[in-house]
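In this chain, residues are counted from 1 in sequence order. Please read all numbers here as calculations on a predicted model, not as lab measurements. For ligands, and for the atoms within them, numbers begin at 1 and follow the listed sequence.
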Amino acid sequence: MTQPVEISFTDTAPEKLAEHEGRVALILTATDRLPGGLPRPTRQAATRALDSKAGQALKPGQVLELAFPAGMAAESLMLVMLPHGSTQSEARIAGAAIGARLGKSHTLVMAGGHAQANDVALGLALRSYDFSVYHTDQQDGDGTRPHVTFLVKKPEELAKVASDAAALAEGVFFTRDLVNEPANILTTSDFADRLQAMEEIGLEVEVLEEDELEALGMRALLAVGQGSEAPSKVVVMRWNGGGDEAPLALVGKGVVFDTGGISIKPAAGMEDMTMDMGGAGVVAGVMRTLALRRAKANVVGLVGLVENMPDGKAQRPGDIVKSMKGDTIEVINTDAEGRLVLADVLWYAQERFEPSAIVDLATLTGAVIIALGHDNAGVFCNDDTFADQILTAAKAEGEGAWRLPLGKPYDDLIKSRLADIKNTGGRAAGSITAAQFLQRFIKPGQPWAHLDIAGVALPPSATDLAPKGATGWGVMTLDRLVRDQFEAK
Ligand code: BES
Ligand code: MN
Ligand code: ZN
């Protein structure tokens, strides 16, 4: 997987800053507060830059870059504005500005006693993500990776937060890699193998194969995969870091490619459907982070891995399938496949684990993009307290999330003439009827939230903390949720 840049913290200033090659970033709390120890010509150049119109206009988190600064061997001097008392998100964005300019060389970040050095480091790590495995010209033969040194007053005080942040960055990178991978590489089997490999970091991983899914009665999930050569799978990942309390369950939609099936999608943009396993990708990334930071909580991650393809064995519009729960489903549109997968995995999660709460994540509907664009995931929840906890966690981590309603009038839209329920409710309120469908597979009294991440998993342009491509949206929110609500303090 793509490894986050290596970041170390030290209180030992380089002997000769002037001779430091690579890049140097200064974290400034004000335009008139340059740190000591700068070579004279460098100090003069930086002062001029900060006195300029651009310098005076620097907002928290913004950067002014001087190329080949006078008096230094460095190729670049970054002046990073971060006043005391900036928000966590400004500190991460400041780090991201450095991370976006890392290059291949060593970067020295002079953070002094800044209280937010750790968030700067996290933002730097997240934004420096680069998925270029398939750019053959960018594979450097010597394998050198950039590394970063933070010069801070008390490195030992940062050690625990820094290692937790590294665990978080690694989880986010794992998710981004999975989402960015094309479907000929990330098949259901390859996906399951990558999850199984997390046994190395202490997760218990089980892969359920088609015969077992059949025996469990997961006909809704299997129907989605039956038009593909790739075998359908359910993977269960367990992190038991708590006591004997019931686990939090995270459930992810893992459609490795969504052609739409017989209700086939138009060609334009279909290539983006390699990201239709984004929910499963987030579940996997969170489980990785929890294991790496040895979270004191019980969490089980379940993903349904299938490929939605049209062939002679594919399900058709009009088919009626029986879910593991026992409810029959009329498949109006084979492109509304994610809910069929989740129906069975959600039911299985409740039957087997009796979780204290469930969060499912899915790139479920195009309609959520119409409603919320690419800046907010849609949040559906049957429990106001739980909804608030999720929204609070998302806000704390700077990940956009917006609650949308559930309710009987929407549920009425998915009544079927022939079966217990149908898998589409028409154009109106498309994301809500999808959520209502899922709720049919949630037991009464079971706290549950559904996050529709179709708009935020792979937005069309770079975000504050991610280059263009997969964002890993949700890993930080769920890690925060576990920390704040499910972890023994
Ligand atoms: N995977 C898609 C949803 C999607 C769309 C994700 C765009 C990311 C970007 C989902 O399986 C789907 O096709 N949903 C249909 C449902 C419809 C047939 C009721 C949709 O949104 O059009
Ligand atoms: Mn679909
Ligand atoms: Zn889909």
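- Atoms of ligand 1 found under 4.0 Å from any heavy atom of Thr365 (numbered from 1 in listed order, with element): 3 (C), 21 (O).
- Under 4.0 angstrom from ligand 1, the non-hydrogen atoms of Lys253 all belong to its side chain.
- Annotation: atom 15 (C) of ligand 1 to nearest protein heavy atom, Asp335 O, 4.0 Å.
- For the pair Val303/Val251, no side-chain contact is recorded, criterion being any heavy-atom separation below 4.5 Å from C-beta on.
- When all heavy atoms are compared, the tightest approach of Asn308 to Thr334 is ND2-O, 3.2 Å.
- Under a 4.0 Å criterion applied to the non-hydrogen atoms of Thr363, ligand 1 contributes the atoms 1 (N), 2 (C), 3 (C), 6 (C).
- A donor and an acceptor atom, one from each side chain of Gln439 and Tyr410, are nowhere located under 3.5 Å apart.
- Under 4.0 Å from ligand 1, not a single heavy atom of Val255 appears.
- Here the shortest heavy-atom pairing between Thr328 and Asp420 reads N-OD2, 2.8 Å.
- Ring geometry for His450 versus Phe380: interplanar angle under 30°, hence parallel rather than tilted (30 to 60°).
- The two atoms that bring Leu342 and Gly252 nearest to each other are CD2-C, 3.9 Å, heavy atoms only.
- Rounding to the nearest 0.5 Å places CD1 of Ile264 at 8.5 Å from CE of Met309.
- Inspection of the environment of the Mn ion (ligand 2) yields the following protein N, O or S atoms under 2.8 Å: Asp258 OD2, Asp335 O, Asp335 OD1, Glu337 OE1.
- Atom numbering of ligand 1 starts at 1 in the shown order; those under 4.0 Å from a heavy atom of Glu337 are 11 (O).
- Protein heavy atom nearest atom 16 (C) of ligand 1, with residue, atom name and distance: Arg339 NH2, 3.8 Å.
- There is no side-chain donor-acceptor pair under 3.5 Å between Arg339 and Gln436.
- For atom 22 (O) of ligand 1, the nearest protein heavy atom lies 4.0 Å or farther away.
- Residue-ligand proximity, Ile369 to ligand 1, at heavy-atom distances under 4.0 Å covers atoms 7 (C), 9 (C).
- For the Zn ion (ligand 3), the N/O/S atoms of Lys253 include one lying under 2.8 Å.
- Ion pairing between a basic and an acidic side chain is recognised when a charged N comes within 4.0 Å of a carboxylate O; Asp479 and Arg293 show such pairing.
- Considering all non-hydrogen atoms of both residues, Leu364 and Ala434 come closest at CD2-CB, 3.6 Å.
- The existence of a salt bridge linking Arg92 and Asp464 is excluded, since no basic side-chain nitrogen approaches an acidic carboxylate oxygen closer than 4.0 Å.
- For Asp258, the N, O or S atom closest to the Zn ion (ligand 3) goes by the atom name OD2.
- Of all atoms in ligand 1, numbered sequentially from 1 with element shown, those under 4.0 Å from a heavy atom of Asn333 are 18 (C).
- Within ligand 1, counting atoms from 1 as listed, the ones closer than 4.0 Å to a heavy atom of Met275 are 8 (C).
- Side-chain contact, Trp448 with Asp360: a donor N or O sits under 3.5 Å from an acceptor N or O.
- With respect to atom 9 (C) of ligand 1, the closest heavy atom belonging to the protein is Met273 CE, 3.5 Å.
- Counting the atoms of ligand 1 from 1 in the order shown, those under 4.0 Å from a heavy atom of Thr424 are 19 (C).
- Nearest protein heavy-atom contact of atom 1 (N) of ligand 1 is Asp276 OD1, 2.8 Å.
- For atom 2 (C) of ligand 1, the nearest non-hydrogen atom of the protein is Asp258 OD2, 3.6 Å.
- For atom 10 (C) of ligand 1, the closest heavy atom belonging to the protein is Leu364 O, 3.3 Å.
- A donor-acceptor contact closer than 3.5 angstrom is absent between the side chains of Ser323 and Asp344.
- Residue Glu337: an N/O/S atom is found under 2.8 Å from the Zn ion (ligand 3).
- Looking at Asp276 and the Zn ion (ligand 3) together, the shortest N, O or S contact belongs to OD2.
- The shortest heavy-atom contact between Gly61 and Leu82 is N-CD1, 4.3 Å.
- Between Ala419 and Glu330, the shortest heavy-atom distance links the atoms CB-N, 3.7 Å.
- Of the N and O atoms on the side chains of Asn180 and Tyr134, not one donor lies less than 3.5 Å from an acceptor on the other residue.
- Below 3.5 Å of separation, one finds an N or O of Gly366 facing an N or O of ligand 1.
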